[in-house]
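This report concerns only the one structure given below.
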Amino acid sequence: MPRQPRIALLGTGVVGSAFVARHQRLAQRGVALPAFELLANSRGHFDAAAAPEQALRAACDAPRDGEPHDIDIARLRRGDIVVDATASDAVAARHADWLAHGIHVVTANKLGNGADLMRAQAIARAQREGRAHYGDSATVGAGLPLLRSIRELVAGGDAIHAVEGVLSGSLAWLFDRYDGMRPFSGFVREARAAGYTEPDPRIDLSGEDVRRKLLILARAAGIALEAHEIQVDSLVPAALAAAKENDLDAALLTLDAPLRERYQEAYRDGAKLRLVGRFGAAGASVGLRALPADHPLCGGSGADNRIAIRSDRYAEQPLIIQGPGAGAEVTAAALLDDLIRIAVQL
Ligand SMILES: NC(=O)C1=CN([C@@H]2O[C@H](COP(=O)(O)OP(=O)(O)OC[C@H]3O[C@@H](n4cnc5c(N)ncnc54)[C@H](OP(=O)(O)O)[C@@H]3O)[C@@H](O)[C@H]2O)C=CC1
Ligand SMILES: N[C@@H](CC=O)C(=O)O
């Protein structure tokens, strides 16, 4: 009889905790799911086979004592599943190795397919070598059917001409809320507390998060885009970029004056601010744009992403995908969707 796969969850923060909670809810409803073997965070490893929620509490309460703990998943075997809910480059650097050893990887961490092209290519090769699956639905649009649609269009013979849209849930939320009166920095704190931003919100504000998402989408479309080919206009002033983690909160204040100015200028023209990412024949870019209020990319609210895909069949009228593009619940659901898809194929 084939052995049941087991889960190693890396990352017990906003997304990792929501993953455990949803796993437990689905299991109680009788959904067939692989069981947990272990949880890990930067502080250590925690046995989760008997009581995952207890293990999560122990992981979240563990003391911080210096350097991040080394990930050790030697207990896992071929057919098991690593769930990466970290934002760690060191963890993403190991995806290909795990896949090559037949361990499936499900990830919310964009630094697998959204970093160096060579790393993304190694991940693709390792899936074939190890006959292992890579679930990355959560990395773009927090699981919106975006990557899936692009892959299905390509599999159906379409070339992807262009992708353009609002791909940052946190920046969508910020510009939906910001009224030019209250300080922008206060809204950034709220977005962080709501779990929409990256662990370091500068990754969102600098456009880096959207750059990673464009790389993932372009590569899914068969375009070998490199990070340096995307022109990114950052919203982060130099003092904020240079701030140490302990000074980050105070340094957010440096956002207030420049963004008030951008807002007022747009307001005078009857326009709305949106952080727009795009790639296509005219190149690839990420930047803040002032768009007419009735522009298609101004639709949606809250943390909604709104993306237009142009391909052979959608050349005149693009395919539009819209919905919540950030948040612990939708992201955890996307991770579990991938995990269930993999488990039923085993
Ligand atoms: N929030 C959202 O809406 C979405 C998030 N994502 C992605 O999900 C990922 C997680 O985000 P989020 O949960 O908000 O982040 P958090 O900061 O809340 O959690 C990150 C977790 O990763 C752990 N970690 C960091 N480094 C390591 C390491 N080397 N080894 C093991 N664990 C490590 C941290 O450990 P410790 O607890 O010890 O600090 C922490 O538990 C990110 O990659 C993000 O881009 C994707 C889509 C949407
Ligand atoms: N920080 C990200 C979360 C999802 O990827 C965002 O704001 O979109």
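Note that ligands are numbered from 1 as they come in the structure, with each ligand's atoms numbered from 1 the same way.
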Could you label the plane-to-plane angle of the His23 and Phe36 rings as parallel, tilted or perpendicular, counting under 30° as parallel and over 60° as perpendicular? tilted
side-chain hydrogen bond (donor to acceptor under 3.5 Å, both in side chains) filter on Asp116, not counting sequence neighbours, yields none
Ser168 to ligand 2, any heavy atom closer than 4.0 Å: yes
Ligand 1: which residues have a non-hydrogen atom closer than 4.0 Å? Gly11, Thr12, Gly13, Val14, Val15, Asn41, Ser42, Arg43, Arg64, Ile71, Ala85, Thr86, Ala87, Ser88, Val91, Ala108, Asn109, Lys110, Ala138, Gly195, Glu198, Pro199, Ala326, Gly327, Thr331
State the atoms of ligand 2, each with its element, that fall below the 4.0 Å cut-off from a heavy-atom position in Asp209. 2 (C), 6 (C), 8 (O)
Considering distance alone, does some N or O of Leu171 sit under 3.5 Å from an N or O of ligand 2? no
Nearest heavy atoms of Thr331 and Ala108, plus distance in Å: CG2-CB, 4.1 Å
Ligand 2 atoms in contact with Ser170 (distance to a heavy atom under 4.0 Å): 6 (C), 7 (O), 8 (O)
Determine yes or no for a side-chain-to-main-chain donor-acceptor pair under 3.5 angstrom, with Arg151 supplying the side chain and Ala220 the backbone. no
Has Glu265 got more than 12 heavy atoms of other residues, nucleotides or ligands less than 6.0 Å from its CD? no
among protein heavy atoms, the one nearest atom 5 (O) of ligand 2 is Lys110 NZ, 2.8 Å
Determine whether Tyr134 and His95 satisfy the following criterion, ring-ring contact (aromatic ring centres under 6.0 Å, His included), listing intermediate values before the conclusion. CA-CA 9 Å; Tyr134 192 66; His95 289 178; 5.5 Å; yes
Going by salt bridge (charged side-chain N to carboxylate O under 4.0 Å, His left out), name the residues that satisfy it together with Arg278, two or more places apart in sequence or in a different chain. Glu164
Within 4.0 Å of some non-hydrogen atom of Asp204, the atoms of ligand 2 are 1 (N), 2 (C), 6 (C), 7 (O)
Taking it one step at a time, do Thr12 and Asn41 satisfy side chain to side chain donor-acceptor pair (under 3.5 Å)? CA-CA 6 Å; Thr12 58; Asn41 57 22; 3.1 Å; yes
Donor-acceptor pair, side chain of Arg192 and main chain of Pro201, under 3.5 angstrom: no
Taking only non-hydrogen atoms of Gly169 and a 4.0 Å limit, the atoms of ligand 2 in range are 6 (C), 7 (O), 8 (O)
Evaluate the ring-ring contact (aromatic ring centres under 6.0 Å, His included) criterion for residues Phe184 and Phe175: first the C-alpha distance (whole Å), next the side-chain angles of each, then the deciding distance (0.1 Å), finally the verdict. CA-CA 9 Å; Phe184 192 81; Phe175 289 114; 5.5 Å; yes
Quick check for you: to the nearest 0.5 Å, what is the distance between Arg75 atom CZ and Leu38 atom CG? 5.0 Å
Ligand-side contact atoms (ligand 2) for residue partner Gly325, heavy atom cut-off under 4.0 Å: 4 (C), 8 (O)
Would you mind running through ligand 2 and noting each atom that sits below 4.0 Å from a heavy atom of Lys213? 2 (C), 4 (C), 5 (O), 6 (C), 8 (O)
Ligand 2 to Thr197, heavy atom cutoff 4.0 Å, flagged ligand atoms 1 (N)
Report the residues that fulfil salt bridge (charged side-chain N to carboxylate O under 4.0 Å, His left out) with Arg341, sequence neighbours left out, ordered by chain and then residue number. Asp338
Please determine if Thr139 has a nitrogen or oxygen closer than 3.5 Å to a nitrogen or oxygen of ligand 2. no
For atom 2 (C) of ligand 2, closest protein heavy-atom neighbour: Glu198 OE2, 3.3 Å
